Number of protein chains: 2
Amino acid sequence: MSKIPQIDAIDRKIIRALQRSGRMTNLELAAEVNLSPSPCLRRLRNLENNGAITGYSVEVNAKAYGLPVTVMVRISLDKHTEDVVLRFEERMKAIPEVLECFVMTGLSDYLLRVVVSDLEDYERFVRDRLHPIGGIGSIDTSFVYGVVKRTNVYPEYQG
Amino acid sequence: MSKIPQIDAIDRKIIRALQRSGRMTNLELAAEVNLSPSPCLRRLRNLENNGAITGYSVEVNAKAYGLPVTVMVRISLDKHTEDVVLRFEERMKAIPEVLECFVMTGLSDYLLRVVVSDLEDYERFVRDRLHPIGGIGSIDTSFVYGVVKRTNVYPEYQG
DNA sequence: GGTATTTTTGACATAATATTCCAAAATTCC
DNA sequence: GGAATTTTGGAATATTATGTCAAAAATACC
């Protein structure tokens, strides 16, 4: 049972503003949510300490960094004993190319988002990173051809 | 043909540091990459103006915000005429619950990441947002049951 | 291999911003 | 409706960002 921090409409405005522009100054943020700087900063710190805000990050052009290929990988395990599952999930956390790993409903057990520099690099990833884990039943690879939309901004809350 | 900004090892250290902690001060950043503040800030601004860094964002606990359900939706169009494709992609950009929409290789044409408040809300999303678009051949829904890993930090570059 | 040119760096001064404190205002609870 | 609690806004101070410029480093050229 985790505590439920009380979030109100102003907090949501703060969150959405920072999802759009995570490094805006407290003065800009305060103006945007119609507060003066001090209560705005206090609310922000509360959200951070609450666990509502878990961190900040920069958005990077993956190609410019040298990782132009994004791959979505759906993986099923061939058995679901605790040791197989734990081993797999520990490996996921440890592999740097795996940026996201979700447990899914539906046909596949896991959905991974993986970044690599080229096709050859992805082959290496499957051969040297995935296969050695063991217990994997199937791997279904889909490459990202294009990005239609990518945003961090949540929809306005319809309370 | 897009220009390729020249990124070196220090720039990549800056990027990785900010992917971990996107709101660190320039002083902290400079210390982390072993530069003094002024060249560090100049490099950062260059990365921003280059297009290597495209923005900043806050990481939010979706449940605390009121959107506890994340859905991955794979969608195929029933035909691929220009008007059907354009209409679909324009709608994707306009629907606030769709945070990501990728064009994919493989069986499905698109992969969406959608956030909603509950199952009923997702039903509404499919009925009122997706179906009215038209031209959709198949919708395959998978719910995110758990998050094994979620990071923004790219792997160290193996140049 | 050495010199000239270009680029990058680091220190300092100034401007902008964050942070803290406290009294006033607003809200909530009986 | 009044008391207690919470939230707010303004002012003072500390911290940080920004711009300038000379020195150092890297690069190119001969």
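Chain letters run A, B, ... following the sequence lines, proteins first and then strands; every chain starts at 1. What you are looking at is a predicted structure, and each value in this text was computed from that prediction instead of being measured. When reading the values below, keep in mind they use all heavy atoms of this one structure, side chains included, and skip hydrogens, waters and symmetry mates.
- Between the CG atom of B/Leu44 and the C1' atom of C/dT9 there is a distance of 16 Å, rounded to whole Å.
- Contact between the side-chain N/O atoms of A/Arg45 and the OP1/OP2 oxygens of C/dT19 is found at a separation under 4.0 Å.
- The CG-C1' distance, from A/Leu35 to D/dT8, rounds to 8 Å in whole Å.
- Going from atom CG of B/Leu29 over to atom P of C/dT9 covers 13 Å, rounded to whole Å.
- Counting any heavy atom pair closer than 4.0 Å across all strands shown, A/Arg23 reaches no nucleic acid atom.
- Listed nucleotides D/dA11, D/dT18, C/dG10 differ in distance to A/Ser38; the shortest reach to its side chain belongs to D/dA11.
- Heavy atoms of other residues, nucleotides or ligands lying less than 6.0 angstrom from CG of B/Leu107 number 12 at most.
- None of A/Val73, A/Ile136, A/Val85, A/Val98 except one satisfies the side chain to side chain contact (heavy atoms under 4.5 Å, CB included) rule with A/Tyr110; the exception is A/Val85.
- Between A/Tyr154 and A/Gln19, some side-chain heavy-atom pair lies under the 4.5 Å cut-off.
- Atom OH in B/Tyr56 sits about 11 Å away from atom P in D/dA17, given to the nearest Å.
- Look at CG on B/Asn46: it is 12 Å from C1' on C/dT7, rounded to the nearest Å.
- Here the nucleotide nearest the side chain of A/Leu41, chosen from C/dA18, C/dC12, C/dC21, is C/dA18.
- Spacing between atom CG of A/Asp8 and atom P of D/dT6 amounts to 15 Å, rounded to whole angstrom units.
- A/Val148 has its side chain within reach of B/Val103: a pair of non-hydrogen atoms, C-beta onward, lies under 4.5 Å apart.
- Between D/dT8, C/dG10, C/dA18, one nucleotide has an atom nearer to the side chain of A/Ile10 than all others, and that is D/dT8.
- One interatomic measurement links the two molecules: CZ of B/Arg42 to C1' of D/dG19, which rounds to 10 Å at whole-angstrom precision.
- Inter-residue side-chain proximity for B/Glu89 and B/Ile133 is flagged as unmet; no heavy-atom pair is nearer than 4.5 Å.
- If you check distances only, the side chain of A/Thr25 never reaches the base of C/dA16 with a donor-acceptor pair under 3.5 Å.
- Atom CG in B/Asn26 sits about 14 Å away from atom P in C/dA11, given to the nearest Å.
- The phosphate of D/dT8 has OP1 or OP2 within less than 4.0 Å of a side-chain N or O from A/Arg43.
- Counting only heavy atoms from C-beta on, A/Leu27 has its side chain closest to C/dA18 among C/dT9, C/dA18, D/dA17.
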